[in-house]
Amino acid sequence: MKKLMTGNEALVQGAWEAGVLVASAYPGTPSTEIIENMSARKEVYSEWAPNEKVAMEAAIGASIAGVRSLAAMKHVGLNVAADPLFTFVYTGVNGGMVVVTADEPGQHSSQNEQDNRNYARAAMIPMMEPATSAEARDFMKEAYEISERFDTPVLMRMTTRACHSKGLVDCGDRVEKAPVKPYEKNAKKYVMVPANAKVRRVELAERLKKLEEFSEQTPLNFVEDNGSKVGVITSGMCYCFAKEVFGDDVNYLKLGFTYPLPQKKIAEFCKGLDTIYVIEENDPLIEAEVQRLGFEPKGKNTFPAYDELTSDVIRRCVHGEEFETIDYDKAKVVPRPPALCAGCPHRGFFYELGKRKNVMVTGDIGCYTLGFAEPYNAIDSCVCMGAAFSIGHGAAKAFEQKGEDTRVVGVMGDSTFFHTGINSLTECLYNNSKTVSVILDNRITGMTGHQENPGSGKHADGSDATAIDIETICRALGAKNIRTIDPNNLTLMRETLDWTLGLDEPSVIITKWPCVLKKFSEDDKAKFPTAYKTKDVVDTNKCIGCKLCLKTGCPALYIDRETKKAGIDSLQCVGCGVCEQVCPKQAIGKER
């Protein structure tokens with residue numbers, strides 16, 4: 001039966017058909033939908049892990065115990081999970097294991113554009129790159145066979161377009177009985193003390209030789225001979241983009257199994273060609289191999305080394321056309337920057353924090369990163385998940401060493417706190433850092449689409465879970481100065497910042513109010529009975545058009561062009577009340 005599926009949905013279909021029994025992930029675009037879809041497959045235990053490292057470790061444990069497992073994450077998540085991955089490649093598997101890395105050429109929602117194909121070479125792990133949804137399903141099934149045949153985890157590299165584009169997929173049945181293997185104690189294989197690891201390193205080298213032979217023979221790497229003197233070597237989604245540009249006018253070497261690369265097949269393909277194009281997004285890994293084999297392809301000397309190589313980009317590069325640039329001053333539609341939603345519980349916090357002088361604010365990864373922008377200008381740095389407090393700690397110590405009185409405030413969300421923020425806060429508390437650590441608890445993982453986390457009280461499938469209390473964790477770590485507040489109360493927010501910035505030791509603020517887009521659980525309704533009940537309206541008789549309310553940055557607020565007075569879009573407003581507290585004339589209040 002054929003179904004229209006995204007690449008992520010097709011990966012799930014393939015893993016399900018292959019008999020996977022355990023799947024673990026941390027949400028991150030463009031990989032999030034993998035576990036969201038897998039959690040609907042009741043034969044599979046699926047979970048959101050606190051971060052990618054423990055997701056990887058959970059899948060490793062399931063593999064060692066004898067079942068097929070899956071770990072999924074976006075590209076930067078593999079940085080977090082690299083420690084266990086590199087060593088698990090040494091030990092090898094019991095049940096087959098696949099690691100999905102969803103890369104982001106173009107940085108649509110990421111802080112960098114790293115090319116995780118480099119991890120395959122560095123970790124010496126076989127890698128596969130589907131180009132279509134159909135291949136995503138087929139490759140996933142094949143990956144588990146490869147994993148168990150060669151005693152290795154397999155890296156499945158996807159990209160944003162491959163994850164989210166849709167295509168027809170031939171769907172089959174799940175294996176009649178999920179492949180399971182008996183668990184047997186084997187310290188020499190799984191306990192990586194140096195004496196054992198040295199032996200496994202030699203075996204890894206032998207495994208790579210076998211994988212090189214497999215790469216030459218597998219139909220995952222194939223040639224399309226169209227009788228041309230022009231050849232294109234490509235992999236993943238770039239194959240689809242190249243086909244749109246060249247059609248059947250060139251020959252193709254389409255690589256689906258991309259580490260180890262098939263050297264003999266590449267050399268044979270290149271012989272006799274007048275022109276060789278290597279089309280790959282980001283780093284020139286295939287191009288370097290082609291050059292090493294003695295050929296001079298058109299690669300990064302023709303195509304950009306960054307962003308997506310979509311068909312329009314390839315076409316302009318090949319035909320020598322200049323890249324178009326957009327003149328936003330002349331554009332008919334002005335680009336709209338992302339903004340905190342109307343009613344976002346972070347608004348009151350950033351409104352007050354942004355007014356503080358002589359304060360450095362270290363941010364983190366989440367929708368609250370938008371606090372850097374106008375009108376708040378309240379975040380000065382953002383590097384990676386869980387880094388806000390520890391970066392803030394380092395900055396605070398530097399200011400002390402310089403004899404400066406600049407204060408540091410670190411900001412991260414609740415899911416980020418569980419991800420790696422606990423270690424970050426431990427750094428501040430253990431080393432007595434005069435920093436303010438702020439945890440913005442909006443009761444959900446907001447930026448990636450409302451996935452559950454250890455503090456939300458729900459599992460990935462929506463079933464009830466133990467809700468881990470953030471304040472309790474902070475106190476257990478040794479934090480003495482803690483306040484949990486409603487961030488929509490500007491007076492309380494202001495007083496709390498005054499209190500914490502007046503301390504000479506570590507302090508923690510927890511702003512606790514649910515995301516405006518969150519589907520409220522019964523627990524949330526009980527804890528936040530007044531949340532988002534009544535909208536705000538403007539009394540135009542009182543409004544003087546001072547525009548102070550606009551400084552809250554709420555997209556529901558506007559100035560009427562004719563009356564020059566404030567207005568509120570009733571479709572967006574949720575009645576958080578922040579604008580009410582800002583108005584100097586009490587012209588804003590609840591609708592009746």
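Throughout, numbering of the chain's residues begins at 1 and tracks the sequence. Since the structure is predicted, the reported quantities are computational estimates derived from the model, not experimental observations.
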*Asks:* Would you say M97 and L70 make side-chain contact, with heavy atoms under 4.5 Å?
*Replies:*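 No, their side chains stay 4.5 Å or more apart.
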*Asks:* Does NZ belonging to K3 count more than 12 external heavy atoms closer than 6.0 Å?
*Replies:* no
*Asks:* Which donor-acceptor pairs under 3.5 Å do the side chains of residues 501-508 make with protein atoms, sequence neighbours left out?
*Replies:*
| residue | atom | partner | partner atom | Å |
| --- | --- | --- | --- | --- |
| E505 | OE2 | N481 | ND2 | 3.1 |
| S507 | OG | T500 | OG1 | 2.3 |

*Asks:* Do side-chain atoms of S165 reach the backbone of A162 as a donor and acceptor pair under 3.5 angstrom?
*Replies:* no
*Asks:* When you look at I473 and L425, which way does the side chain to side chain contact (heavy atoms under 4.5 Å, CB included) test go after all the steps?
*Replies:* CA-CA 10 Å; I473 291 176; L425 180 59; over 6 Å; no
*Asks:* Would you check, one step at a time, whether the test side chain to side chain contact (heavy atoms under 4.5 Å, CB included) holds for M493 with I485?
*Replies:* CA-CA 7 Å; M493 190 74 256; I485 64 170; 3.5 Å; yes
*Asks:* Applying ring pair (Phe, Tyr, Trp, His ring centres under 6.0 Å) as the test, list every pair that has at least one member in residues 402-430; sequence neighbours left out.
*Replies:* Y26-H419
*Asks:* Regarding N431 and E427, do their side chains bring together a donor and an acceptor under 3.5 Å, going by distance alone?
*Replies:* yes
*Asks:* If you round to the nearest 0.5 Å, how far is CD1 of I379 from CE of M360?
*Replies:*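 Between M360 CE and I379 CD1, I get 11.5 Å after rounding to 0.5 Å.
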*Asks:* Are the side chains of E52 and L78 in contact, using a 4.5 Å heavy-atom criterion?
*Replies:*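 Contact flag for L78/E52 side chains = no.
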*Asks:* According to side chain to side chain donor-acceptor pair (under 3.5 Å), who are the partners of D83, at least two apart in sequence or on a separate chain?
*Replies:* none
*Asks:* Taking only residues two or more places apart in sequence, or in another chain, which ones meet K564 in a side chain to side chain contact (heavy atoms under 4.5 Å, CB included)?
*Replies:* none
*Asks:* Between N489 and D486, is there a donor-acceptor pair closer than 3.5 Å when you use the side chain of the first and the backbone of the second?
*Replies:* no
*Asks:* Quick one: NZ on K74 to CG on N79, what's the gap to the nearest 0.5 Å?
*Replies:* 11.0 Å
*Asks:* Tell me every residue that passes side chain to side chain contact (heavy atoms under 4.5 Å, CB included) with S133, counting only those two or more places apart in sequence or in another chain.
*Replies:*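 Side chain to side chain contact (heavy atoms under 4.5 Å, CB included) check on S133 returns A10, V169.
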*Asks:* Taking all non-hydrogen atoms of both residues, which atom of Q581 and which atom of L490 are closest, and how far apart?
*Replies:*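 Answer, listing the atom of Q581 first, then L490: OE1-N, 2.8 Å.
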*Asks:* If I take atom OG from residue S63 and atom CG from residue L21, how far apart are they, to the nearest 0.5 angstrom?
*Replies:*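 Nearest 0.5 Å value for the OG-CG distance: 11.5 Å.
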*Asks:* Check whether any side-chain heavy atom of C382 sits under 4.5 Å from a side-chain heavy atom of I365, and report yes or no.
*Replies:* yes
*Asks:* Is the shortest distance from a Lys or Arg side-chain nitrogen in K535 or E591 to a carboxylate oxygen in the other one below 4.0 Å?
*Replies:* no
*Asks:* Tell me yes or no: between the side chains of H75 and E113, is some donor less than 3.5 Å from an acceptor?
*Replies:* no
*Asks:* Filter on salt bridge (charged side-chain N to carboxylate O under 4.0 Å, His left out), then keep only pairs touching residues 536-546, sequence neighbours left out; what's left?
*Replies:*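 Checked against salt bridge (charged side-chain N to carboxylate O under 4.0 Å, His left out) - neighbours excluded - the pairs reaching residues 536-546 are D536-K590.
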*Asks:* Can Y119 and R157 be counted as having a side-chain donor-acceptor contact under 3.5 angstrom?
*Replies:* no
*Asks:* Got a donor-acceptor contact below 3.5 angstrom from the T445 side chain to the Q451 backbone?
*Replies:*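 Side chain of T445 to backbone of Q451: a pair is present.
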*Asks:* Excluding sequence neighbours, so at least two apart, what forms side chain to side chain contact (heavy atoms under 4.5 Å, CB included) with E43?
*Replies:*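 Side chain to side chain contact (heavy atoms under 4.5 Å, CB included) check on E43 returns W16, R41, R174.
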*Asks:* Contact between F399 and V408 at the side-chain level, heavy atoms closer than 4.5 Å - yes or no?
*Replies:* yes
*Asks:* Quick one: are E452 and H459 in side-chain contact, heavy atoms under 4.5 Å?
*Replies:*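 Contact flag for E452/H459 side chains = no.
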*Asks:* Could you check whether N116 and Q114, counting side-chain N and O atoms only, form a donor-acceptor pair closer than 3.5 Å?
*Replies:* yes
*Asks:* Drop me the distance from S424's OG to D364's CG, to the nearest 0.5 angstrom.
*Replies:*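 The OG atom of S424 sits 7.5 Å away from the CG atom of D364.
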*Asks:* Are I422 and L477 close enough that some pair of their side-chain heavy atoms sits under 4.5 Å apart?
*Replies:*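 Yes - at least one pair of side-chain heavy atoms lies under 4.5 Å apart.
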*Asks:* Got a second to check how far I470's CD1 is from R475's CZ, nearest 0.5 Å?
*Replies:*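 The distance works out to 13.5 Å.
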*Asks:* Examine distances only and state if a side-chain atom of R347 and a backbone atom of V578 form a donor-acceptor pair shorter than 3.5 Å.
*Replies:*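 Judged by distance alone, no pair lies under 3.5 Å.
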*Asks:* Check whether NZ of the Lys or CZ of the Arg R483 lies under 6.0 Å from the centre of the six-membered ring of W499 and within 45 degrees of that ring's axis.
*Replies:* yes
*Asks:* I'd like to know if the side chain of E104 and the backbone of S109 have a donor-acceptor N/O pair within less than 3.5 Å.
*Replies:*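 Pair found, side chain donor or acceptor close to backbone of S109.
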*Asks:* Establish, from distance only, whether the side-chain atoms of N112 and S110 form a donor-acceptor pair under 3.5 Å.
*Replies:* no
*Asks:* Restricting to side chain to side chain donor-acceptor pair (under 3.5 Å), what partner residues turn up for T6, sequence neighbours left out?
*Replies:* E9
*Asks:* Under 3.5 Å, side-chain donor or acceptor atoms of residues 550-559 against the rest of the protein: list the pairs with distances, not counting sequence neighbours.
*Replies:*
| residue | atom | partner | partner atom | Å |
| --- | --- | --- | --- | --- |
| T552 | OG1 | C549 | O | 2.7 |

*Asks:* Using the side chain to side chain donor-acceptor pair (under 3.5 Å) criterion, which residues pair with T406? Sequence neighbours excluded.
*Replies:* N358
*Asks:* Under a 3.5 Å distance rule, please check whether T416 uses its side chain to pair with a backbone N or O of M385 as donor and acceptor.
*Replies:* no
*Asks:* Pairing donors with acceptors under 3.5 angstrom, does anything connect the side chains of S46 and S39?
*Replies:* no
*Asks:* Could you check whether atom NZ of K355 has more than 12 heavy atoms from other residues, nucleotides or ligands sitting under 6.0 Å from it?
*Replies:* yes
*Asks:* Residues in side chain to side chain donor-acceptor pair (under 3.5 Å) with T534, at least two apart?
*Replies:*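 So T534 forms no side chain to side chain donor-acceptor pair (under 3.5 Å) with any residue.
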*Asks:* Would D464 and K458 pass as an ion pair if we require N to O under 4.0 Å?
*Replies:*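 Yes, D464 and K458 are salt-bridged.
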*Asks:* Please name all residues satisfying side chain to side chain contact (heavy atoms under 4.5 Å, CB included) with A49, sequence neighbours left out, ordered by chain then number.
*Replies:*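 A49 satisfies side chain to side chain contact (heavy atoms under 4.5 Å, CB included) with S24, E47, V54, A55 only.
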*Asks:* Any donor-acceptor pair under 3.5 Å linking the side chain of R356 with the backbone of L497?
*Replies:* no
*Asks:* Does any N or O in the side chain of T435 come within less than 3.5 Å of the main-chain N or O of S437, such that one atom is a donor and the other an acceptor?
*Replies:* no
*Asks:* So that I can tick it off, tell me whether D441 and R443 are bridged by a salt bridge, with the cut-off set at under 4.0 angstrom between side-chain N and carboxylate O.
*Replies:*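 Yes, R443 and D441 are salt-bridged.
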*Asks:* Find the distance between OG1 (T362) and CG (D380) and round it off to the nearest 0.5 Å.
*Replies:*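 Separation between the atoms: 8.5 Å.
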